[in-house]
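Reviewing the structure listed below.
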Amino acid sequence: MQQEMPNTQDEGQRPIQTNSTLVVEEGVNLRPYNSFGLPATAQRLVRIRQESDLRRVIDHPELGRAPKFVLGGGSNIVLTRDVEALVLKMEIMGKRVVEEREDAWILEVGAGETWHEVVRWSLEQGCPGLENLALIPGTAGAAPVQNIGAYGVEAKDRIEAVEVIDLITGRLVRLPASVLAFGYRDSVFKQTGFGGLAGKSVITRVLLRCPKPWIPQLGYLDLERKMLETGITVPSARQIFDWVCQIRQAKLPDPRQIGNAGSFFKNPVVSEEQCRDIIGRDPGIVHYPMPDGTVKLAAGWLIDACGWKGKSVGGAAVYERQALVLVNRGEARGAEVVTLARAIQESVYGRFGIRLEPEPVIV
Ligand code: EPU
(Lines give C-alpha, C1' and ligand atoms only; values in the text may rest on other atoms or scores of the structure.)
Protein backbone atom coordinates (compact mmCIF):
# COMPACT_ATOMS: atom_id res chain seq x y z
CA MET A 1 0.00 0.00 0.00
CA GLN A 2 1.34 3.41 -0.88
CA GLN A 3 0.40 6.80 0.37
CA GLU A 4 1.40 10.03 -1.32
CA MET A 5 2.38 12.98 0.78
CA PRO A 6 2.63 16.48 -0.66
CA ASN A 7 6.02 18.04 -1.15
CA THR A 8 6.34 20.75 1.45
CA GLN A 9 9.59 22.38 0.58
CA ASP A 10 11.80 23.57 -2.20
CA GLU A 11 15.04 21.84 -2.93
CA GLY A 12 18.40 22.60 -1.37
CA GLN A 13 21.86 21.96 -2.63
CA ARG A 14 21.74 19.01 -5.07
CA PRO A 15 20.59 19.74 -8.60
CA ILE A 16 19.05 16.38 -9.44
CA GLN A 17 15.38 16.20 -8.61
CA THR A 18 13.00 13.92 -10.41
CA ASN A 19 10.29 13.29 -7.92
CA SER A 20 8.14 15.94 -6.37
CA THR A 21 6.09 13.78 -4.01
CA LEU A 22 6.99 11.84 -0.95
CA VAL A 23 5.98 8.20 -1.23
CA VAL A 24 5.38 6.41 2.05
CA GLU A 25 5.09 2.64 1.71
CA GLU A 26 3.15 0.86 4.43
CA GLY A 27 3.52 -2.64 5.86
CA VAL A 28 6.78 -3.33 4.03
CA ASN A 29 8.31 -6.79 4.41
CA LEU A 30 11.88 -6.26 5.62
CA ARG A 31 13.07 -9.82 5.04
CA PRO A 32 14.68 -8.99 1.68
CA TYR A 33 16.26 -5.90 3.21
CA ASN A 34 18.27 -7.54 5.99
CA SER A 35 21.16 -9.84 5.19
CA PHE A 36 20.17 -12.24 7.99
CA GLY A 37 16.86 -12.76 6.16
CA LEU A 38 14.89 -12.31 9.38
CA PRO A 39 11.15 -11.70 9.26
CA ALA A 40 9.90 -8.25 10.25
CA THR A 41 7.64 -5.56 8.85
CA ALA A 42 8.18 -1.83 8.61
CA GLN A 43 5.00 0.03 9.45
CA ARG A 44 6.14 2.87 7.18
CA LEU A 45 9.10 3.14 4.85
CA VAL A 46 10.40 5.94 2.66
CA ARG A 47 13.06 5.38 0.00
CA ILE A 48 15.69 8.09 0.09
CA ARG A 49 17.05 8.38 -3.46
CA GLN A 50 18.43 11.88 -3.17
CA GLU A 51 19.08 14.41 -0.44
CA SER A 52 15.85 16.24 -1.23
CA ASP A 53 13.81 13.15 -0.29
CA LEU A 54 15.27 13.34 3.18
CA ARG A 55 14.51 17.04 3.47
CA ARG A 56 10.90 16.38 2.47
CA VAL A 57 10.62 13.86 5.31
CA ILE A 58 12.18 16.27 7.79
CA ASP A 59 9.94 19.15 6.72
CA HIS A 60 6.80 17.06 6.79
CA PRO A 61 4.56 18.11 9.72
CA GLU A 62 4.04 14.56 10.97
CA LEU A 63 6.88 12.46 9.54
CA GLY A 64 9.43 15.08 10.52
CA ARG A 65 8.75 14.42 14.21
CA ALA A 66 8.38 10.64 13.95
CA PRO A 67 11.19 8.43 15.30
CA LYS A 68 13.37 7.24 12.42
CA PHE A 69 15.30 4.11 11.62
CA VAL A 70 17.98 4.33 8.94
CA LEU A 71 18.36 1.22 6.84
CA GLY A 72 21.35 0.72 4.56
CA GLY A 73 22.16 -2.72 3.21
CA GLY A 74 20.72 -4.28 6.38
CA SER A 75 23.93 -6.27 6.81
CA ASN A 76 24.56 -5.29 10.40
CA ILE A 77 21.18 -5.64 12.06
CA VAL A 78 19.25 -8.37 13.81
CA LEU A 79 15.51 -7.71 13.52
CA THR A 80 13.64 -9.22 16.45
CA ARG A 81 10.36 -7.36 15.92
CA ASP A 82 8.43 -5.15 13.54
CA VAL A 83 9.80 -1.65 13.15
CA GLU A 84 7.48 1.09 14.35
CA ALA A 85 9.84 3.94 13.58
CA LEU A 86 9.73 5.43 10.09
CA VAL A 87 12.26 3.42 8.06
CA LEU A 88 14.49 5.54 5.85
CA LYS A 89 15.81 3.17 3.21
CA MET A 90 18.98 4.76 1.87
CA GLU A 91 19.16 4.48 -1.90
CA ILE A 92 21.25 7.51 -2.84
CA MET A 93 23.45 6.39 -5.71
CA GLY A 94 26.38 7.85 -7.62
CA LYS A 95 30.09 7.16 -7.87
CA ARG A 96 32.64 9.62 -9.15
CA VAL A 97 36.30 10.43 -8.89
CA VAL A 98 36.05 14.01 -7.69
CA GLU A 99 39.68 14.97 -7.39
CA GLU A 100 43.15 13.74 -8.19
CA ARG A 101 45.67 15.25 -5.82
CA GLU A 102 49.42 14.79 -5.45
CA ASP A 103 48.84 12.56 -2.45
CA ALA A 104 45.56 10.82 -3.24
CA TRP A 105 42.52 10.22 -5.41
CA ILE A 106 39.30 11.39 -3.81
CA LEU A 107 36.16 9.44 -4.65
CA GLU A 108 32.59 10.39 -3.81
CA VAL A 109 29.98 7.67 -3.48
CA GLY A 110 26.29 7.71 -2.63
CA ALA A 111 25.27 6.09 0.66
CA GLY A 112 23.07 3.57 -1.17
CA GLU A 113 25.84 2.16 -3.35
CA THR A 114 26.81 -1.44 -2.59
CA TRP A 115 30.18 -1.34 -0.84
CA HIS A 116 31.69 -4.19 -2.84
CA GLU A 117 30.67 -2.52 -6.12
CA VAL A 118 32.41 0.65 -4.94
CA VAL A 119 35.60 -1.32 -4.31
CA ARG A 120 35.45 -3.01 -7.71
CA TRP A 121 34.65 0.28 -9.48
CA SER A 122 37.48 2.14 -7.73
CA LEU A 123 39.99 -0.36 -9.09
CA GLU A 124 38.52 0.01 -12.58
CA GLN A 125 39.06 3.77 -12.27
CA GLY A 126 42.73 3.13 -11.55
CA CYS A 127 42.39 4.17 -7.90
CA PRO A 128 43.79 1.36 -5.74
CA GLY A 129 43.51 1.32 -1.96
CA LEU A 130 40.17 -0.29 -1.14
CA GLU A 131 41.03 -3.83 -2.32
CA ASN A 132 41.46 -5.33 1.18
CA LEU A 133 37.86 -4.35 1.89
CA ALA A 134 36.41 -6.36 -1.01
CA LEU A 135 33.26 -8.41 -0.53
CA ILE A 136 32.21 -6.82 2.76
CA PRO A 137 28.41 -6.87 2.62
CA GLY A 138 26.39 -3.69 3.02
CA THR A 139 26.24 -0.21 1.59
CA ALA A 140 28.81 2.57 1.32
CA GLY A 141 26.77 4.66 3.75
CA ALA A 142 27.08 1.99 6.43
CA ALA A 143 30.86 1.66 6.05
CA PRO A 144 31.72 4.66 8.27
CA VAL A 145 29.08 3.82 10.90
CA GLN A 146 30.79 0.69 12.14
CA ASN A 147 34.16 1.47 10.59
CA ILE A 148 34.20 -1.74 8.56
CA GLY A 149 37.54 -3.45 8.38
CA ALA A 150 39.27 -6.52 7.05
CA TYR A 151 42.75 -7.83 6.23
CA GLY A 152 44.64 -5.00 7.84
CA VAL A 153 42.63 -2.04 6.50
CA GLU A 154 39.74 -0.19 8.12
CA ALA A 155 37.29 2.22 6.52
CA LYS A 156 38.78 5.00 8.67
CA ASP A 157 42.08 4.59 6.80
CA ARG A 158 40.31 5.49 3.55
CA ILE A 159 37.60 7.96 4.57
CA GLU A 160 38.29 11.60 3.83
CA ALA A 161 34.91 12.95 4.95
CA VAL A 162 31.22 12.10 5.02
CA GLU A 163 28.22 14.18 4.07
CA VAL A 164 25.34 13.98 6.49
CA ILE A 165 21.95 15.53 6.78
CA ASP A 166 20.91 16.65 10.23
CA LEU A 167 17.57 15.01 11.03
CA ILE A 168 16.27 18.04 12.90
CA THR A 169 17.37 20.95 10.76
CA GLY A 170 17.68 19.20 7.39
CA ARG A 171 21.05 20.88 6.90
CA LEU A 172 23.67 19.11 4.84
CA VAL A 173 27.08 19.13 6.50
CA ARG A 174 30.40 17.72 5.36
CA LEU A 175 32.23 16.19 8.32
CA PRO A 176 35.96 15.51 8.00
CA ALA A 177 37.22 12.11 9.19
CA SER A 178 38.99 13.79 12.13
CA VAL A 179 35.67 14.46 13.90
CA LEU A 180 34.14 11.02 13.35
CA ALA A 181 35.67 9.37 16.47
CA PHE A 182 36.58 6.18 14.64
CA GLY A 183 37.44 3.14 16.74
CA TYR A 184 37.38 -0.62 16.25
CA ARG A 185 33.94 -1.19 14.62
CA ASP A 186 32.89 2.11 16.12
CA SER A 187 32.31 5.75 15.20
CA VAL A 188 30.41 8.86 16.26
CA PHE A 189 27.45 7.49 14.27
CA LYS A 190 27.06 4.63 16.77
CA GLN A 191 27.37 6.85 19.83
CA THR A 192 24.27 8.14 21.58
CA GLY A 193 25.69 10.35 24.34
CA PHE A 194 26.85 13.95 24.15
CA GLY A 195 28.43 14.61 20.74
CA GLY A 196 27.24 11.26 19.40
CA LEU A 197 25.33 11.30 16.12
CA ALA A 198 23.31 8.07 16.42
CA GLY A 199 19.72 8.87 15.47
CA LYS A 200 20.60 12.53 14.88
CA SER A 201 21.94 12.52 11.35
CA VAL A 202 21.94 10.41 8.23
CA ILE A 203 24.94 9.75 6.01
CA THR A 204 24.12 10.64 2.42
CA ARG A 205 27.52 10.45 0.70
CA VAL A 206 31.00 9.24 1.57
CA LEU A 207 34.26 10.74 0.34
CA LEU A 208 37.00 8.15 0.09
CA ARG A 209 40.71 8.77 -0.12
CA CYS A 210 42.95 6.34 -1.99
CA PRO A 211 46.47 7.41 -1.00
CA LYS A 212 49.30 7.90 -3.49
CA PRO A 213 51.63 6.20 -3.94
CA TRP A 214 49.66 3.01 -3.48
CA ILE A 215 51.19 0.76 -0.84
CA PRO A 216 49.86 -2.81 -0.76
CA GLN A 217 48.68 -3.96 2.67
CA LEU A 218 49.88 -7.53 2.93
CA GLY A 219 50.60 -7.92 6.64
CA TYR A 220 47.62 -10.19 7.31
CA LEU A 221 48.34 -13.89 7.76
CA ASP A 222 45.77 -15.08 5.21
CA LEU A 223 47.29 -12.78 2.56
CA GLU A 224 50.84 -13.89 3.41
CA ARG A 225 49.65 -17.46 2.85
CA LYS A 226 48.29 -16.49 -0.59
CA MET A 227 51.67 -14.97 -1.51
CA LEU A 228 53.45 -18.17 -0.49
CA GLU A 229 50.94 -20.40 -2.28
CA THR A 230 51.09 -18.48 -5.56
CA GLY A 231 54.71 -17.33 -5.44
CA ILE A 232 53.48 -13.79 -6.25
CA THR A 233 55.46 -11.48 -3.99
CA VAL A 234 54.55 -8.17 -5.65
CA PRO A 235 50.80 -8.44 -6.21
CA SER A 236 48.75 -5.79 -7.97
CA ALA A 237 45.72 -4.22 -6.26
CA ARG A 238 43.51 -6.37 -8.50
CA GLN A 239 45.40 -9.48 -7.36
CA ILE A 240 44.85 -8.56 -3.71
CA PHE A 241 41.16 -7.92 -4.47
CA ASP A 242 40.88 -11.43 -5.97
CA TRP A 243 42.73 -12.99 -3.02
CA VAL A 244 40.52 -11.24 -0.47
CA CYS A 245 37.42 -12.43 -2.36
CA GLN A 246 38.76 -16.00 -2.35
CA ILE A 247 39.67 -15.90 1.36
CA ARG A 248 36.27 -14.52 2.33
CA GLN A 249 34.37 -16.94 0.11
CA ALA A 250 36.25 -19.87 1.67
CA LYS A 251 35.29 -19.07 5.24
CA LEU A 252 32.37 -16.65 5.27
CA PRO A 253 28.86 -17.51 4.09
CA ASP A 254 27.43 -15.52 1.18
CA PRO A 255 24.40 -13.68 2.64
CA ARG A 256 22.54 -14.19 -0.65
CA GLN A 257 22.63 -17.93 0.03
CA ILE A 258 22.87 -18.21 3.82
CA GLY A 259 21.51 -15.33 5.88
CA ASN A 260 24.09 -13.78 8.22
CA ALA A 261 25.45 -10.44 9.49
CA GLY A 262 29.19 -11.14 9.23
CA SER A 263 31.06 -11.39 12.51
CA PHE A 264 28.45 -11.51 15.25
CA PHE A 265 30.77 -10.38 18.05
CA LYS A 266 33.65 -7.95 18.22
CA ASN A 267 37.06 -9.35 18.98
CA PRO A 268 37.47 -8.55 22.70
CA VAL A 269 40.37 -6.45 23.89
CA VAL A 270 41.95 -7.43 27.23
CA SER A 271 44.90 -6.33 29.33
CA GLU A 272 48.26 -8.08 28.91
CA GLU A 273 47.82 -9.56 32.37
CA GLN A 274 44.39 -10.99 31.58
CA CYS A 275 45.78 -12.44 28.36
CA ARG A 276 48.73 -14.07 30.15
CA ASP A 277 46.27 -15.61 32.57
CA ILE A 278 44.20 -17.09 29.73
CA ILE A 279 47.29 -18.31 27.85
CA GLY A 280 48.34 -20.07 31.06
CA ARG A 281 45.15 -22.10 30.87
CA ASP A 282 44.71 -22.24 27.08
CA PRO A 283 48.07 -21.88 25.33
CA GLY A 284 46.48 -22.17 21.87
CA ILE A 285 44.46 -18.94 22.10
CA VAL A 286 44.77 -16.72 19.03
CA HIS A 287 45.72 -13.21 20.14
CA TYR A 288 47.17 -10.04 18.69
CA PRO A 289 49.19 -7.57 20.79
CA MET A 290 47.99 -4.00 20.13
CA PRO A 291 50.22 -0.91 19.96
CA ASP A 292 48.80 0.43 23.26
CA GLY A 293 49.86 -2.65 25.23
CA THR A 294 46.42 -4.28 25.26
CA VAL A 295 45.75 -7.59 23.51
CA LYS A 296 42.98 -8.41 21.04
CA LEU A 297 41.65 -11.96 21.27
CA ALA A 298 40.08 -13.85 18.35
CA ALA A 299 36.44 -14.19 19.41
CA GLY A 300 35.98 -16.91 16.77
CA TRP A 301 38.63 -18.98 18.51
CA LEU A 302 37.02 -18.49 21.95
CA ILE A 303 33.59 -19.57 20.63
CA ASP A 304 35.10 -22.47 18.71
CA ALA A 305 36.98 -23.59 21.85
CA CYS A 306 33.64 -23.74 23.68
CA GLY A 307 32.41 -26.22 21.06
CA TRP A 308 29.81 -24.02 19.36
CA LYS A 309 30.49 -24.70 15.67
CA GLY A 310 27.38 -26.10 14.01
CA LYS A 311 25.19 -25.73 17.15
CA SER A 312 21.76 -24.18 16.69
CA VAL A 313 18.70 -22.68 18.37
CA GLY A 314 15.68 -23.09 16.09
CA GLY A 315 16.72 -21.78 12.69
CA ALA A 316 19.72 -19.85 14.03
CA ALA A 317 23.09 -21.61 13.99
CA VAL A 318 26.82 -21.12 14.44
CA TYR A 319 28.51 -21.36 11.05
CA GLU A 320 30.62 -24.49 10.70
CA ARG A 321 33.57 -22.76 9.04
CA GLN A 322 33.79 -19.63 11.22
CA ALA A 323 32.41 -19.74 14.75
CA LEU A 324 32.20 -15.93 14.89
CA VAL A 325 29.43 -15.94 12.29
CA LEU A 326 25.84 -16.78 13.19
CA VAL A 327 23.66 -17.88 10.29
CA ASN A 328 20.03 -18.32 9.38
CA ARG A 329 19.50 -21.96 8.49
CA GLY A 330 16.16 -21.13 6.86
CA GLU A 331 13.29 -19.91 8.93
CA ALA A 332 15.17 -18.32 11.81
CA ARG A 333 13.51 -15.61 13.83
CA GLY A 334 15.41 -12.74 15.39
CA ALA A 335 14.60 -14.00 18.89
CA GLU A 336 16.35 -17.31 18.11
CA VAL A 337 19.46 -15.50 16.94
CA VAL A 338 19.47 -13.49 20.17
CA THR A 339 18.93 -16.61 22.33
CA LEU A 340 21.82 -18.35 20.59
CA ALA A 341 24.04 -15.28 20.95
CA ARG A 342 23.26 -15.05 24.70
CA ALA A 343 24.06 -18.73 25.21
CA ILE A 344 27.40 -18.23 23.45
CA GLN A 345 28.17 -15.17 25.58
CA GLU A 346 27.42 -17.10 28.76
CA SER A 347 29.54 -20.06 27.80
CA VAL A 348 32.53 -17.91 26.75
CA TYR A 349 32.19 -15.92 29.97
CA GLY A 350 31.95 -19.11 32.00
CA ARG A 351 35.11 -20.57 30.54
CA PHE A 352 37.31 -17.52 29.87
CA GLY A 353 35.77 -14.75 32.01
CA ILE A 354 35.39 -12.61 28.88
CA ARG A 355 32.24 -10.78 27.86
CA LEU A 356 31.66 -10.83 24.12
CA GLU A 357 30.00 -7.74 22.71
CA PRO A 358 27.67 -8.17 19.70
CA GLU A 359 28.72 -6.33 16.57
CA PRO A 360 25.35 -5.92 14.82
CA VAL A 361 22.62 -3.69 16.14
CA ILE A 362 19.82 -5.72 17.76
CA VAL A 363 16.48 -4.11 16.94
N1 EPU B 1 39.34 -18.96 14.55
C2 EPU B 1 39.15 -20.20 15.08
N3 EPU B 1 37.91 -20.77 14.95
C4 EPU B 1 36.90 -20.14 14.35
C5 EPU B 1 37.10 -18.86 13.82
C6 EPU B 1 38.34 -18.26 13.93
O7 EPU B 1 40.05 -20.79 15.64
O8 EPU B 1 35.82 -20.72 14.27
C9 EPU B 1 40.66 -18.35 14.58
C10 EPU B 1 41.27 -18.37 13.18
O11 EPU B 1 41.94 -19.55 12.92
C12 EPU B 1 42.19 -17.20 13.19
C13 EPU B 1 41.55 -16.26 14.19
O14 EPU B 1 40.59 -16.99 14.92
O15 EPU B 1 43.46 -17.56 13.67
C16 EPU B 1 40.92 -15.07 13.52
O17 EPU B 1 39.96 -15.47 12.55
P18 EPU B 1 39.75 -14.68 11.19
O19 EPU B 1 41.05 -14.47 10.50
O20 EPU B 1 38.69 -15.36 10.42
O21 EPU B 1 39.30 -13.22 11.60
P22 EPU B 1 38.30 -12.74 12.72
O23 EPU B 1 39.09 -12.08 13.80
O24 EPU B 1 37.39 -13.82 13.13
C25 EPU B 1 38.01 -10.33 11.78
C26 EPU B 1 36.86 -9.42 11.46
C27 EPU B 1 36.24 -9.80 10.13
C28 EPU B 1 37.32 -9.66 9.07
C29 EPU B 1 38.49 -10.58 9.42
C30 EPU B 1 39.65 -10.39 8.49
C31 EPU B 1 35.92 -8.73 13.58
C32 EPU B 1 34.81 -8.86 14.55
N33 EPU B 1 35.87 -9.51 12.52
O34 EPU B 1 37.47 -11.63 11.93
O35 EPU B 1 35.24 -8.84 9.86
O36 EPU B 1 36.81 -10.01 7.79
O37 EPU B 1 38.98 -10.26 10.75
O38 EPU B 1 40.26 -9.16 8.70
O39 EPU B 1 36.81 -7.89 13.79
C40 EPU B 1 32.93 -8.45 10.18
O41 EPU B 1 33.24 -7.51 10.90
O42 EPU B 1 31.71 -8.72 9.93
C43 EPU B 1 33.96 -9.28 9.59
C44 EPU B 1 33.69 -10.36 8.87
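Of the charged side-chain nitrogens involved, none lies within less than 4.0 Å of a carboxylate oxygen, so that Arg355 and Glu357 do not count as a salt-bridged pair. A salt bridge does not link Glu26 to Arg44: none of the charged side-chain nitrogens sits closer than 4.0 Å to a carboxylate oxygen. Between Glu25 and Lys89 there is no salt bridge, since no side-chain N of the basic residue sits under 4.0 Å from a carboxylate O of the acidic one. One finds a salt bridge joining Arg351 and Asp282 here, because a Lys/Arg side-chain nitrogen approaches an Asp/Glu carboxylate oxygen to under 4.0 Å. A salt bridge between Glu108 and Lys95 is absent, with no side-chain N of the basic residue lying under 4.0 Å from a carboxylate O of the acidic one. Using a cutoff of 4.0 Å between basic side-chain nitrogens and carboxylate oxygens, Arg101 and Glu160 are scored as salt-bridged.
With no hydrogens or angles considered, no side-chain donor-acceptor pair links Thr139 and Trp115 at under 3.5 Å. In this structure, a donor-acceptor pair under 3.5 Å is absent between the side chains of Ser271 and Glu273. Judged by distance alone, the side chains of Glu359 and Gln146 do bring a donor and an acceptor atom under 3.5 Å apart. In the model, Glu229 has no side-chain atom that pairs as donor or acceptor with a side-chain atom of Trp243 under 3.5 Å.
Residues Phe69 and Leu86 fail the side-chain proximity criterion, which asks for heavy atoms closer than 4.5 Å. Between Ile354 and Leu297 there is a side-chain heavy-atom pair separated by less than 4.5 Å. Within the 4.5 Å cutoff, the side chain of Leu22 has heavy atoms near those of the Leu63 side chain. Within the 4.5 Å cutoff, the side chain of Val153 has no heavy atoms near those of the Tyr220 side chain. With a 4.5 Å cut-off on side-chain heavy atoms, Glu272 and Pro289 do not count as touching. Between Ser122 and Leu208 there is no side-chain heavy-atom pair separated by less than 4.5 Å. Between Ile48 and Thr204, every side-chain heavy-atom pair lies at or beyond the 4.5 Å cut-off. The shortest distance between side-chain heavy atoms of Asn267 and Tyr184 falls below 4.5 Å.
When atom types are taken as modelled, the side chain of Gln191 and the backbone of Ala198 share no donor-acceptor pair closer than 3.5 angstrom. With hydrogens and angles ignored, the 3.5 Å screen pairs a side-chain donor or acceptor of Asn260 with a backbone N or O of Pro253. A donor-acceptor pair under 3.5 Å links the side-chain atoms of Gln322 to the main chain of Leu324, judged by distance alone. In terms of modelled atom types and a separation under 3.5 Å, the side chain of Asp242 and the main chain of Gln239 share no donor-acceptor contact.
Listed by chain and number, the residues in a side chain to side chain contact (heavy atoms under 4.5 Å, CB included) with Glu100 are Trp105, Lys212 (sequence neighbours excluded). When the ring pair (Phe, Tyr, Trp, His ring centres under 6.0 Å) test is applied to Tyr288, no partner is found at least two apart in sequence or on another chain.
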Practice task
Dump the intermediate steps for salt bridge (charged side-chain N to carboxylate O under 4.0 Å, His left out) on Arg329 and Glu320, then the final yes or no.
Solution key: CA-CA 12 Å; Arg329 283 264 163 260; Glu320 286 87 355; 2.8 Å; yes
Side-chain donor-acceptor pairs under 3.5 Å in residues 244-252, sequence neighbours left out?
residue: Gln246; atom: OE1; partner: Lys226; partner atom: NZ; Å: 3.1
residue: Lys251; atom: NZ; partner: Asp222; partner atom: OD2; Å: 3.0

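Shown are Ile77, Val87, Val28; of these, the side-chain contact (heavy atoms from CB on, under 4.5 Å) with Tyr33 is made only by Val28.
For the atom pair Ser263 OG and Leu356 CG, the distance stands at 11.5 Å (nearest 0.5 Å).
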